[in-house]
Amino acid sequence: MLRSCTAGLRSIWALRGRREGAPRLSMDLQPARRLFSTEKVIHKDWALPNPSWSKDLKLLFDQFMKKCEDGSWERLPSYKRRSTQESEDFKTYFLDPKLVEEAQLFTRGFEDGLGFEYVIFKNNDEKRTVCLFQGGPYLQGVPGLLHGGAMATMIDIALGSCTGGAVMTANLNINFKRPVPLCSVVVINSQLDKLEGRKLFLSCNVRSVDEKTLYSEATGLFIKLDPEKSST
Ligand SMILES: CC/C=C\C/C=C\C/C=C\CCCCCCCC(=O)SCCNC(=O)CCNC(=O)[C@H](O)C(C)(C)COP(=O)(O)OP(=O)(O)OC[C@H]1O[C@@H](n2cnc3c(N)ncnc32)[C@H](O)[C@@H]1OP(=O)(O)O
């Protein structure tokens, strides 16, 4: 598995014409401004196949796209940045508003294949989502395995995708049952269990593509933001 992952990486880097895979990190936001200033990049939908997607991920993606044809399922698009309206909905006030303009969803901050590759499908009638997730080599924890924090992040996003609207995670409870091999594909099935005023109770499980391995189970409590309160 890891060998194919490394081979995939080599081809990604070769395509880019460089072997230094690590994106340059800097506190100076000017380079980021230049990198992401074009409309095309800002509005690119990242929840679509790219060359780093494994056969498993592409196959599952195609199966779910078929399910979308009768309207029972929809693919949720995914952008690096929240729209101005969404930021307003979240009523977050930052010291530097310019930083908000440049900030991006951290799961979309890696180059193709290196970090979080995922797509979420939603069934509105059944109040559930399915997230197909391939964790890349920069998400390593124990050698060869996906970092638990990366899994927790994806669980948070998968559960959040069942809520809709402006919510925040109040509680996340995860049981890690089996380690996830790096670069493998997992399926996160999430559902809304109960709605109680502003409180949304959700749960999910994380399984292998063949459903034989149960990697994790989790529950989450999300709170609908009160428009009268500031979240900071
Ligand atoms: C989120 C996803 C959204 C959309 C998904 C759509 C597409 C998916 C694709 C991409 C989306 C990207 C998603 C990114 C996901 C990121 C999510 C986060 O990381 S959020 C950051 C981590 N969370 C926080 O920082 C939250 C910090 N806490 C707070 O800000 C506040 O505590 C709160 C949660 C906003 C609640 O504060 P409020 O003042 O509004 O409510 P309260 O009156 O305190 O509580 C209301 C109600 O809820 C109960 N409660 C609150 N917290 C807990 C808790 N930890 N455990 C149990 N119960 C709790 C509280 O007791 C009240 O209950 P009641 O009295 O019965 O009404």
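Note that the numbering runs from 1 along the sequence shown for the chain.
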**Report entry** Separation of F121 CZ from F61 CZ (nearest 0.5 Å)
**Finding:** 5.0 Å
Query raised in the report: Taking the inter-plane angle between the rings of F116 and F133 on a 0 to 90° scale, is it parallel (under 30°), tilted (30 to 60°) or perpendicular (over 60°)?
Result: parallel
**Report entry** Min side-chain heavy-atom separation R128-N189 under 4.5 Å
**Finding:** yes
Query - hydrophobic_cluster_shared for L221 and L195, side chain cutoff 4.5 Å - result: no
Query raised in the report: Which residue pairs pass the side-chain hydrogen bond (donor to acceptor under 3.5 Å, both in side chains) test when at least one of the two sits in residues 150-172, sequence neighbours left out?
Result: T129-S161, D156-T169
Query raised in the report: Transitively linked via ILVMFWY side-chain contacts under 4.5 Å: L59 with V187?
Result: no
Report task. Could you verify whether a donor N or O on one side chain and an acceptor N or O on the other, from S184 and Q134, lie under 3.5 Å apart? Result -> no
Requested in this report: Sort out for me which residue in L146, T213, L139, V185 forms a side chain to side chain contact (heavy atoms under 4.5 Å, CB included) with V180.
Outcome: L146
Requested in this report: Test E217 against C204 for side-chain contact (heavy atoms from CB on, under 4.5 Å), laying out the working first.
Outcome: CA-CA 6 Å; E217 285 178 315; C204 74; over 6 Å; no
Query raised in the report: Just how far is it from atom NZ of K66 to atom CD of E69, taken to the nearest 0.5 Å?
Result: 4.5 Å
Query raised in the report: Should I188 and N205 count as side-chain neighbours, where that means a heavy-atom distance under 4.5 Å?
Result: no
Query raised in the report: Out of curiosity, does L214 fall in the hydrophobic cluster containing V209 (side-chain heavy atoms, cut-off under 4.5 Å, transitive links)?
Result: no
Report summary line: Result for side chain to side chain contact (heavy atoms under 4.5 Å, CB included) between I155 and one of L202, I174, T219 points to I174
Requested in this report: Taking atom CZ of R198 as the centre, report whether more than 12 heavy atoms of other residues, nucleotides or ligands fall under 6.0 Å from it.
Outcome: yes
Query - Nearest-0.5 Å distance that lies between atom SG in C162 and atom CD1 in I120 - result: 9.0 Å
Query raised in the report: Between S203 and D193, does any side-chain donor sit less than 3.5 Å from a side-chain acceptor?
Result: yes
Report task. Starting from the C-alpha separation in whole Å, work towards a yes-or-no answer on side-chain contact (heavy atoms from CB on, under 4.5 Å) for F222 and M168. Result -> CA-CA 5 Å; F222 287 68; M168 279 187 94; over 6 Å; no
**Report entry** Heavy-atom side-chain proximity of E117 to S52 below 4.5 angstrom
**Finding:** yes
Requested in this report: Kindly indicate whether the side chain of L200, heavy atoms from C-beta on, has any atom under 4.5 Å from the side chain of L159.
Outcome: no
Query raised in the report: Do the side chains of L105 and R81 get nearer than 4.5 Å, heavy atoms only?
Result: no
Query raised in the report: K80 and W46: side-chain contact (heavy atoms from CB on, under 4.5 Å), yes or no, with the steps?
Result: CA-CA 8 Å; K80 279 183 189 280; W46 295 86; 3.0 Å; yes
**Report entry** Any side-chain heavy-atom pair of L145 and Q140 under 4.5 Å
**Finding:** no
Report task. With sequence neighbours left out, write down each residue that passes ring pair (Phe, Tyr, Trp, His ring centres under 6.0 Å) with Y118, or none if nothing qualifies. Result -> none
Query raised in the report: If you draw the axis of the six-membered ring of W53, does the NZ or CZ of K58 fall within 45° of it and under 6.0 Å from the ring centre?
Result: no
Requested in this report: Working to the nearest 0.5 Å, report the span between CZ of R178 and CZ of R207.
Outcome: 12.0 Å
Query raised in the report: Do the side chain of N123 and the main chain of D125 share a donor and acceptor less than 3.5 angstrom apart?
Result: yes
Report summary line: To the nearest 0.5 Å, atom OG of S190 lies from atom CD1 of I157 at 11.0 Å
Query raised in the report: Which heavy atom in D210 sits nearest to a heavy atom in S208, and how many Å separate them?
Result: OD1-OG, 2.6 Å
Report task. Hey, could you give me the NZ/CD distance between K67 and Q63, rounded to the nearest 0.5 Å? Result -> 7.5 Å
Report summary line: For Y215 and P179 the tightest heavy-atom approach is CE2-O, 3.3 Å
**Report entry** Ring-face cation contact, W73 with K122, 6.0 Å cut, 45° max
**Finding:** no
Query raised in the report: What are the two closest heavy atoms between C131 and A158, and how far apart are they?
Result: CB-CB, 4.1 Å
Requested in this report: Could you verify whether a donor N or O on one side chain and an acceptor N or O on the other, from R108 and S78, lie under 3.5 Å apart?
Outcome: yes
**Report entry** Close side-chain approach of F64 and V119, heavy atoms under 4.5 Å
**Finding:** no
Requested in this report: Start with the C-alpha distance between K199 and I223, add both sets of side-chain angles, then the distance that settles side-chain contact (heavy atoms from CB on, under 4.5 Å), and finish with yes or no.
Outcome: CA-CA 5 Å; K199 294 186 285 190; I223 310 289; 3.7 Å; yes
Query raised in the report: Is there side-chain contact between M65 and R75, with at least one heavy-atom pair below 4.5 Å?
Result: yes
